[in-house]
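These figures come from a predicted structure and were not determined experimentally. For this chain, numbers begin at 1 and follow the sequence in order.
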Amino acid sequence: MLALSLVTLFVAAIALIISFKIDDDVFKAAVRFTSVAFSLVTLFCAPWILKLSLVAVSLAIASLSSWSTENF
């Protein structure tokens with residue numbers, strides 16, 4: 001189960017990176033949907049430690065980005 005969750009997490013990360021480099025709006029939306037879908041599969045298949053770390057990293061990035069916009 002850990003191998004499956006790590007593979008889906010890797011696919012989601014690669015899809016997200018590709019979506020930032022693409023200029024076509026339709027393809028960008030499709031790749032981001034793929035990233036979200038694989039992230040959800042990761043959250044269902046992952047062990048608890050990986051789930052908690054994924055949520056913690058997401059919340060940390062969100063809080064850092066909100067701090068950076070408040071200063072300007």
Strictly by side-chain hydrogen bond (donor to acceptor under 3.5 Å, both in side chains), give each pair with a member in residues 15-30 just once, sequence neighbours left out.
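Applying side-chain hydrogen bond (donor to acceptor under 3.5 Å, both in side chains) to every pair that reaches into residues 15-30, excluding sequence neighbours, yields S19-R32.
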
Work out which heavy atom in [X] is nearest to a heavy atom in [Y]; give both atom names and the distance.
X   : Y   : value
C45 : L4  : SG-CD2, 3.7 Å
A15 : V31 : O-CG1, 2.8 Å
L16 : F20 : O-CD1, 3.2 Å
S39 : A12 : OG-CB, 3.6 Å

If I take atom OG1 from residue T34 and atom CZ from residue F27, how far apart are they, to the nearest 0.5 angstrom?
8.0 Å

Applying the 4.5 Å side-chain criterion to the ILVMFWY set and letting contacts propagate, would L9 and V36 be lumped into a single cluster?
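No; V36 is not reachable from L9 via cluster members.
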
Only one of L43, I14, T8 passes side-chain contact (heavy atoms from CB on, under 4.5 Å) with F38, and that residue is T8

